[in-house]
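We number each residue from 1, following the sequence as shown. The shown structure was predicted, so the numbers you read here are calculated from the model rather than taken from an experiment. Ligands are counted one by one from 1 in listed order, and the atoms in each one are counted from 1 as well.
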Amino acid sequence: MSEGSGDVPIIETRDITRYFSVGHGSAGRGRTVLKAVDGVSLAIRRGETLALVGETGSGKTTFGRLLLGLYKPTGGDALYRGSSMLAARGETAQAVRRQIQGVFQDPYSSLNPTMTVGQSLAEVLKVHKIAGRRDRSQAVAELLTTVGLSPAQAARRPQAFSGGERQRIGIARALAARPEVVIADEPLSALDVSIQAQVLNLLIALQERRGLTYLFVTHDLDVARHISQRTAVMYLGRVVEYAPTGDLFAEPLHPYTQALIAAAPRLSTKRKAVKPALGGDIPNAIERPPGCHFHPRCPLAMPVCAEREPELLPVGDGRSVACHLHDPGVMAAA
Ligand code: SF4
């Protein structure tokens, strides 16, 4: 997957955290802190798609926003091509930011309804100094063609487009900056099932043509399996499993991943609302259970699970899992 860049991942996070202060506790109890992302270390290789999956509230969207610079980390670091993005300043910081663009669930929110689509795209080209004034119309026409729209549609405003077309415009907007990395955050969730496959195939084709790297944030395991080479599973702010996608779906190791996969609809069937075969709901991220945060819902929980938090440990074949069942040290003492 790497291309002339050795083994340096294009994106890497090291123990990155993002906490939110969500008010104050009762008198004397201080601030209430939501640990949305809590010590995540992940690497994304150039040209690959890493899927980030988990239920609502797992922290996957916050993680994507950290990489986009929409949130500042509370701790840890994020690296682009081996250099800290947080330490970058001035033009270097701007250049790095241009290389990482987002495609979101609701493309409408990032499009100015008072501007034509052509004006919105030209604005991005101008901000990033991609094309001079005279070349912008041509560049806009090429962007629209690239995402399967017609150059004539540049004169229309976002509200004149269908949901699928708007998402194509959202993708064109991201591509206008000529990024290397795209953070796609649930880009299919708001679309009709019949349109989802078209947008997914467009994203795959663009990746092949442009050598893009994707972080694909999704709650939909079928989509993750279809698009990614590797998958990370998040639960309450932590990565609990990380593996080549084929291996993860063939033999999930973490009990949470096993339950998610057991609950996922088959690729060949029509999608239904996912109802995880898990005991109870995802706990409140503000008051995470002690020890393994998954233990109240885990069918395989042992006494140690309520006391000690498992570490994300390598288990061979490029896989890592955070579960005491896969920690020889803990199992030997049990
Ligand atoms: Fe279940 Fe214990 Fe593993 Fe957590 S550490 S997933 S509670 S077996």
Side-chain angles (χ1 to χ4, degrees), residues 13-19 33-43 50-63 75-76 217-222 224-225 228 230-265 274-334:
T13 62
R14 292 186 183 160
D15 212 17
I16 202 164
T17 59
R18 173 64 204 200
Y19 298 166
V33 173
L34 187 155
K35 296 182 176 179
V37 172
D38 189 21
V40 171
S41 299
L42 283 177
L50 174 69
L52 192 55
V53 303
E55 292 165 285
T56 302
S58 60
K60 56 192 192 304
T61 286
T62 303
F63 181 79
V217 176
T218 179
H219 71 281
D220 188 327
L221 296 187
D222 289 340
R225 180 163 60 173
S228 71
R230 291 185 302 142
T231 297
V233 183
M234 279 189 82
Y235 188 75
L236 289 179
R238 312 272 288 175
V239 171
V240 296
E241 186 161 3
Y242 180 55
T245 297
D247 297 343
L248 185 112
F249 283 93
E251 192 197 356
L253 298 179
H254 196 284
Y256 178 61
T257 317
Q258 290 167 0
L260 277 182
I261 290 174
V274 174
K275 195 175 175 198
L278 293 163
D281 296 325
I282 191 165
N284 186 340
I286 298 169
E287 290 165 14
R288 297 184 301 179
C292 172
H293 303 320
F294 185 58
H295 85 261
R297 303 169 82 190
C298 180
L300 303 175
M302 307 169 283
V304 67
C305 301
E307 292 160 13
R308 201 162 142 185
E309 186 170 356
E311 281 178 62
L312 185 67
L313 296 174
V315 290
D317 299 327
R319 308 189 64 163
S320 300
V321 60
C323 171
H324 292 315
L325 289 169
H326 297 277
D327 183 337
V330 170
M331 293 312 287

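Not a single donor-acceptor pair under 3.5 Å links the side chain of T218 to the backbone N or O of V53. A donor-acceptor pair under 3.5 Å links the side-chain atoms of K60 to the main chain of G54, judged by distance alone. Not a single donor-acceptor pair under 3.5 Å links the side chain of H326 to the backbone N or O of C323.
Looking at residues two or more places apart in sequence or on another chain, you find a side-chain contact (heavy atoms from CB on, under 4.5 Å) between T62 and R18, F20, A36, V37, Y71. Remark: T13 engages I16, V40, L42, F63, L67, A78 in a side-chain contact (heavy atoms from CB on, under 4.5 Å) (not counting sequence neighbours).
Within the protein, the N, O or S atoms lying under 2.8 Å from atom 3 (Fe) of ligand 1 are C323 SG.
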Would you tabulate the side-chain donor-acceptor contacts of residues 312-320 under 3.5 Å, counting partners in other chains and residues two or more places apart, or write 'none'?
| unit_1 | atom_1 | unit_2 | atom_2 | d |
| --- | --- | --- | --- | --- |
| R319 | NH1 | E251 | O | 3.2 |
| R319 | NH2 | E241 | OE2 | 2.8 |
| R319 | NH2 | E251 | O | 2.9 |

